[in-house]
Amino acid sequence: NAGVTQTPKFRVLKTGQSMTLLCAQDMNHEYMYWYRQDPGMGLRLIHYSVGEGTTAKGEVPDGYNVSRLKKQNFLLGLESAAPSQTSVYFCASSLGIGELFFGEGSRLTVL
Amino acid sequence: AQSVTQLGSHVSVSEGALVLLRCNYSSSVPPYLFWYVQYPNQGLQLLLKYTSAATLVKGINGFEAEFKKSETSFHLTKPSAHMSDAAEYFCAVTLRGGTSYGKLTFGQGTILTVHP
């Protein structure tokens, strides 16, 4: 009964370091999304994917890259972390009709 | 483009009192609308959704919302608050049709506090 699983759940980085967040879903959903959540700003879409091998930019894509090599996985990368990227990151998947299934989040702190 | 505005970043009610969380949307075409709930240190869970069937939508945990096109609103209500309802609530909108790819635009969130 896994649903959407994110790893790691917590990470602390220094400015300029790189890292990758992994999202895995076991519901055979075509669509996957990465959001960031910041206090008072709700959730903002970073990147999304409409199927294996596809990616597209969302509302706040700068400083992030993504890949969807396998249908069940969606990776979010930070090549050179900045303090402004301190946030809680949520992965979600869906069938494309709006009901998103979310992971439990990954809390990233950039010092 | 679509957007959502949640009126009130914090709402406080007494246990047993009516819960009313306000959401107004802006959309160039008929939207789908959602309410999600987030408990501390967890992801978001779907409470209810409006997808153009009945305008009064019932969700989990006794919540319901009414789609009012004339007012561009989708307010969330519950007749009697319970301590376990304390959480953050998000209203979200997406456009109908294939080009939306299910992407949701979220409001800023409303933190609900329930006092004994």
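Here is the naming used below: chain letters follow the sequence lines, and residue numbers restart at 1 for every chain. Treat the numbers as computed from the prediction; the structure is a model and nothing was measured.
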In the single-linkage hydrophobic clustering (I, L, V, M, F, W, Y; side-chain heavy atoms under 4.5 Å), do [X] and [Y] co-cluster?
{"X": "Val60(A)", "Y": "Phe74(A)", "value": "yes"}
{"X": "Phe34(B)", "Y": "Tyr48(A)", "value": "yes"}
{"X": "Val37(B)", "Y": "Leu44(B)", "value": "no"}
{"X": "Leu76(A)", "Y": "Phe102(A)", "value": "no"}
{"X": "Ile60(B)", "Y": "Leu21(B)", "value": "yes"}

Contact origin within [X] toward chain A - heavy atom pairs under 4.5 Å:
{"X": "Gln45(B)", "value": "neither"}
{"X": "Gln6(B)", "value": "neither"}
{"X": "Leu46(B)", "value": "side chain"}

Item to check | Glu104(A), CD atom: more than 12 neighbouring heavy atoms under 6.0 Å | outcome: no
Checklist entry - Is atom CD of Gln17(A) surrounded by more than 12 heavy atoms (other residues, nucleotides or ligands) closer than 6.0 Å? => result yes
Next on the checklist: Working to the nearest 0.5 angstrom, can you tell me the gap between Leu48(B) CG and Glu99(A) CD?
Outcome noted: 10.5 Å
Item to check | Contact check, side chains of Thr105(B) and Glu59(A), non-hydrogen atoms, under 4.5 Å | outcome: no
Checklist entry - Below 4.5 Å, heavy atoms only, C-beta onward: do Leu100(A) and Tyr36(B) meet side chain to side chain? => result yes
Checklist entry - Side chain of Tyr33(A), backbone of Leu104(B): donor and acceptor closer than 3.5 Å? => result no
Chain B heavy atoms under 4.5 Å from [X]: which part of the residue, side chain, backbone, both or neither?
{"X": "Arg44(A)", "result": "neither"}
{"X": "Leu45(A)", "result": "side chain"}
{"X": "Gln37(A)", "result": "side chain"}
{"X": "Phe101(A)", "result": "neither"}

Next on the checklist: Ignoring hydrogens, what is the shortest heavy-atom contact between Gln38(B) and Phe90(A)? Give both atom names and the distance.
Outcome noted: NE2-CZ, 3.2 Å
